[in-house]
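Just below is one structure, and these are the notes that go with it.
Note that the numbering runs from 1 along the sequence shown for the chain. Atoms within a ligand are numbered from 1 in the order they appear, just like the ligands themselves. All of these numbers come straight from a predicted model, not from anything done at the bench.
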Amino acid sequence: MQTDSSFTFVLFGGTGDLSMRKILPALYEAHRAGMLEASGKIIAVARHEEDRGGYLQWVNEHVKAHVSKNGIDENAWSSFLERIEYVKLDLGKAEDFVKLRDAMQDLPGTRVFYLATGPSLFVPICRALASVGLNENARIVLEKPLGYDLRSSNAINDAVGEIFAEGQIYRIDHYLGKEPVQNLLALRFGNALFEPLWRREWVESIQITIAEELGVEARGDFYDNTGALRDMVQNHLLQLLSIVAMEPPHSMDSDSVRDEKLRVLRALKPIDPRDIGKVAVRGQYHAGVIRGASVPAYATEPGVKTDSATETFVALKVEIENWRWAGVPFFLRTGKRLADRVAEIVVNFRAVPHSALGSSALRPGANRLVIRLQPNETIRLYCLAKKPGEGMNLSSVHLDLAFDQFFKEGQMEAYQRLLLDVIHGRLALFVRRDEQEAAWKWVEPILNEWAASGKPKPYAAGTWGPAAASAMLAQHDTCWLEEEN
Ligand code: BG6
């Protein structure tokens with residue numbers, strides 16, 4: 001595969017929400033930072049705009065607002081627009097793909113096809129690209145969700161696999177591109193300090209939370225057919241779990257890292273359908289208040305069925321059946337319209353075996369590592385220290401690593417990093433087919449059970465989800481981090 005950096009980046013779904021909010025802003029940032037080869041072109045593909053002029057107007061009107069918190073650099077913006085070409089394309093028309101091929105004819109370098117479309121279009125687009133020979137010297141990027149369950153994801157992977165080799169397929173999970181997730185790898189494998197403690201002998205439990213304040217926004221229709229288990233757990237949460245729990249890879253090359261993640265996914269203790277009530281909680285938000293503003297119930301959101309049984313919250317207890325982690329509960333949680341926007345990993349270490357210093361040293365969680373992925377990236381190590389003054393009274397203190405204090409520059413958004421990785425042919429942060437299959441296999445009993453019976457438990461928007469999620473942890477003598485204060 002070609003590794004030089006000249007490229008043509010073809011964006012299917014060029015006027016879609018994802019292109020507007022994430023992909024085009026990320027490409028602009030990479031351009032502004034001088035990280036894109038000067039000759040690289042972007043060809044947006046859509047049905048709605050007639051010509052390049054119309055598309056650029058759309059970009060000016062819709063994309064600018066999502067670019068850079070630090071304001072826009074007008075010179076960089078106009079030179080960015082010069083990179084963009086436009087092809088109006090109707091997926092049903094074979095001749096439109098000939099038009100696309102002609103537009104790419106004289107452009108050098110790697111071809112990247114980014115499918116920012118619904119998964120039902122992945123196969124037709126790949127087949128149409130192959131019919132005009134555009135699958136050669138090409139990389140294809142598939143957005144999530146890739147399928148709806150194991151069977152449909154296999155069907156897509158099989159069909160795409162007939163046209164593109166696995167090494168050409170970039171299945172994106174934007175959580176893997178987040179700086180703190182990279183930092184977790186650095187923390188674990190760049191420091192000898194944590195690794196000896198990173199195991200069942202020293203770790204009592206681990207929590208991974210991705211909480212959102214946002215509801216389903218304009219995606220009610222999509223979300224109502226998807227739910228939190230498919231939208232967040234099958235991909236983002238299980239990927240985070242696999243990075244937290246994996247063995248040190250032999251190297252950082254793509255297959256070494258992905259092999260180790262796969263081992264974790266394959267070692268997840270299968271869920272017995274009879275136990276689902278004990279290890280999985282689903283919820284759906286009702287009306288409530290977030291930061292002083294009233295928000296409506298999920299079932300009244302546009303595009304959502306009024307009697308919807310789709311979950312907007314999931315909490316799970318997961319176990320990993322290997323020597324490092326046997327018996328350590330991993331609690332995963334995600335939800336929409338929760339009390340705060342936060343993504344974090346909490347590693348609770350075991351208490352000392354005997355305390356000569358009073359009972360607080362015996363409290364679980366006295367030593368704890370909190371890795372905050374967002375909104376502000378920090379790693380915090382909690383310890384006990386003596387309170388000043390008379391007597392030996394212990395109090396919790398923490399060592400703080402705030403990355404934005406250490407590194408003032410160079411922070412990169414997840415999409416920017418991942419798009420550069422595609423252009424440069426780096427696969428490590430993309431999900432391999434076998435990982436995806438293992439993740440679908442693991443969630444499927446829960447999907448099936450939830451589809452067959454019962455309804456999600458209600459929770460008020462602006463809270464931390466149904467009480468059952470707290471009760472699940474209480475059975476293990478622990479609680480979610482925010483419940484401690
Ligand atoms: C997406 C989900 O993959 O991730 C969305 O489809 C969710 O529902 C989003 O809101 C969360 O991503 P982030 O980066 O904002 O935490």
Inset, instruction - Report the residue from Lys261, Arg263, Arg324, Arg188 that forms a salt bridge (charged side-chain N to carboxylate O under 4.0 Å, His left out) with Glu247. - result: Arg324

Inset, instruction - Check each of Glu435, Glu437, Glu166 against Arg171 using the salt bridge (charged side-chain N to carboxylate O under 4.0 Å, His left out) test, and report the only one that passes. - result: Glu166

With heavy atoms of [X] as the reference, note each atom of ligand 1 found under 4.0 Å away.
| X | result |
| --- | --- |
| Arg219 | 2 (C), 5 (C), 6 (O), 8 (O) |
| Lys336 | 5 (C), 7 (C), 8 (O), 10 (O) |
| Lys178 | 13 (P), 14 (O), 16 (O) |
| Glu212 | 7 (C), 10 (O), 11 (C) |
| Lys144 | 1 (C), 2 (C), 3 (O), 6 (O) |
| Asp231 | 2 (C), 5 (C), 6 (O), 8 (O) |

How close does the nearest protein non-hydrogen atom get to [atom], and which residue and atom is it?
| atom | result |
| --- | --- |
| atom 15 (O) of ligand 1 | Arg341 NH2, 3.9 Å |
| atom 12 (O) of ligand 1 | His174 NE2, 3.1 Å |
| atom 16 (O) of ligand 1 | Tyr175 OH, 2.5 Å |

Near-ring test [Y]/[X], centroid separation under 6.0 angstrom:
| X | Y | answer |
| --- | --- | --- |
| Tyr415 | His174 | yes |
| Trp325 | Phe330 | yes |
| Tyr55 | His48 | no |

Legend entry - Parallel, tilted or perpendicular, as decided by the 30° and 60° cut-offs, for the rings of Trp77 and Phe80: tilted

Legend entry - Pairwise side-chain contact, Arg433 with Asp158, heavy-atom cut-off 4.5 Å (strictly under): yes

Inset, instruction - Looking only at distances, please establish whether an N/O atom of ligand 1 is found under 3.5 Å from an N/O atom of Tyr223. - result: no

